[in-house]
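Contents: one structure, followed by commentary.
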Amino acid sequence: MAVTVADRLGETDMSGPLAGVVTLVGRPNAGKSTVMNRLLAEKVAIVSDKPQTTRQRLVGILTEARGQMVFYDTPGLHKPEHRMNRFMVREAVDALDAADVVCLVVDASVGAGGGDQRLIDQVRRSTRPKVVLLNKIDLVRKGRLLPIIDHYAQTAIFEEIVPVSALTGDGMERVLDLLFARLPEGDPLYDADLLTPHSERFLVAERIREKVLEQTRDELPFVTAVAVERWEEDAEAGRLVIYAVILVERPGQKAILIGRGGHQIRDIGIAARRDLEEFLGRPLRLELHVRQAERWREDPQALADLDRDRFAI
């Protein structure tokens, strides 16, 4: 079942003429997911301070009086080292090609590098209107912003350059107006009450993975994945029971994730269960297990299985 937001419209007239896709692109950890969540005023994408948190194209839908804006939150564009990373980059490039408006999200708190120029070159290929959001200005002294603005202005490909902080909301009030002004006319792409087409099973797995990212470090965030294996009702206890597995590649990673006496996996499970109970609006029991799957990031079948439940049927 897809996630809906029934109270989004109220008495909104759905005859608005604007509809289209806004693709959010950028380098890893630029804050694209936080931007989308802020613009939707809902949490669709998980967030963390780890690069490559977003592994697949995530879809968020905003429907209001002006029309419908469909956001594509994409994996950060980077040099791929595994089959999984190649899949991630392909997801971002395909979403860029599908855009009606391209929104480049830049981490303004870090210096520009070679990856930024490659990204600009990639964005330049699109014939669609383009804007750039200079994100994380809450971490930047105002005097440092002007050279960054000038750098992107000199590319001569962006119609708007907007300093923002998706985390605090600073500057974000202008962004929706700028994006809606560049959407084409058309009918809505999705039902008016839909917030995302992703399945609850996929979103649950993502929220569990968010807790893994929050509580692990070094290489573990990059070599873990989460799959929901079973989802059933416990009528007697009046709660939902979710069985999920966390994949790792090596025995040492499994040991670290479980922790001494099982404390690490227990802490992850407690945090995930609390988040999921709020998300699903009901009590549940979460059964978490860690499984070693050597080189799963290079296994086409493993990647296909992880992607299988992304969209609701």
Side-chain angles (χ1 to χ4, degrees), residues 20-39 45 47-54 57-58 69 71-81 85 88-183:
V21 171
V22 175
T23 295
L24 303 171
V25 295
R27 296 184 69 186
N29 213 32
K32 300 177 294 297
S33 296
T34 307
V35 166
M36 183 174 78
N37 290 343
R38 171 69 66 172
L39 293 174
V47 296
S48 84
D49 59 358
K50 310 292 195 304
Q52 302 178 25
T53 296
T54 301
R57 173 173 56 91
L58 300 177
M69 188 179 299
F71 293 101
Y72 286 173
D73 175 24
T74 64
L77 286 166
H78 62 285
K79 184 178 180 180
E81 297 179 355
N85 299 86
M88 291 164 60
V89 171
R90 185 169 66 250
E91 286 270 287
V93 172
D94 288 348
L96 187 59
D97 292 339
D100 292 297
V101 181
V102 175
C103 184
L104 173 61
V105 181
V106 174
D107 182 350
S109 70
V110 300
D116 294 274
Q117 187 56 53
R118 287 192 296 272
L119 182 55
I120 289 172
D121 292 340
Q122 187 77 46
V123 168
R124 193 188 302 272
R125 291 177 45 248
S126 174
T127 60
R128 303 301 190 182
K130 306 170 189 66
V131 300
V132 58
L133 304 185
L134 303 181
N135 192 26
K136 305 186 184 182
I137 60 170
D138 52 304
L139 303 178
V140 182
R141 295 194 307 272
K142 289 186 177 180
R144 290 184 54 201
L145 271 178
L146 290 179
I148 301 173
I149 293 172
D150 184 62
H151 170 73
Y152 286 95
Q154 288 186 24
T155 67
I157 63 172
F158 297 105
E159 297 182 6
E160 297 280 353
I161 301 171
V162 189
V164 301
S165 170
L167 181 64
T168 67
D170 190 10
M172 294 294 292
E173 66 278 356
R174 292 186 54 219
V175 175
L176 278 182
D177 291 339
L178 295 174
L179 296 176
F180 263 116
R182 288 160 177 80
L183 284 187

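Starting from 1, each residue takes its place in the sequence as its number.
When atom types are taken as modelled, the side chain of R182 and the backbone of L178 share a donor-acceptor pair closer than 3.5 angstrom. The backbone N or O of L24 lies less than 3.5 Å from a partner atom in the side chain of T74, making a donor-acceptor pair. Between the side chain of T34 and the backbone N or O of A166, no donor-acceptor pair lies under 3.5 Å.
Here the CD atom belonging to E159 is positioned 11.0 Å from the CD1 atom belonging to I161, to the nearest 0.5 angstrom. Taken to the nearest 0.5 Å, the CG atom of D150 stands 10.0 Å off from the OG1 atom of T155.
Using a 4.5 Å cut-off on side-chain heavy atoms (C-beta onward), N29 and K136 make contact. At a threshold of 4.5 Å between non-hydrogen side-chain atoms, the residues V131 and L179 count as touching. Side chains of V35 and F71 form no contact here, defined as non-hydrogen atoms less than 4.5 Å apart. At a threshold of 4.5 Å between non-hydrogen side-chain atoms, the residues I120 and I157 count as touching. Contact of the N85 side chain with the K79 side chain is not registered, since no non-hydrogen atoms from C-beta on lie closer than 4.5 Å.
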Decide yes or no on side-chain contact (heavy atoms from CB on, under 4.5 Å) for M88 and H78, but give the supporting numbers first.
-> CA-CA 9 Å; M88 291 164 60; H78 62 285; 3.8 Å; yes
Given side-chain contact (heavy atoms from CB on, under 4.5 Å), test M172 with L39 step by step and report yes or no.
-> CA-CA 8 Å; M172 294 294 292; L39 293 174; 3.6 Å; yes
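Within 6.0 Å of CD in E81 there are 12 or fewer heavy atoms belonging to other residues, nucleotides or ligands.
For S165, the side-chain hydrogen bond (donor to acceptor under 3.5 Å, both in side chains) partners at least two apart in sequence or on another chain are D138, T168.
K32 has no carboxylate O lying under 4.0 Å from a charged side-chain N of D73, or vice versa, which leaves the two without a salt bridge.
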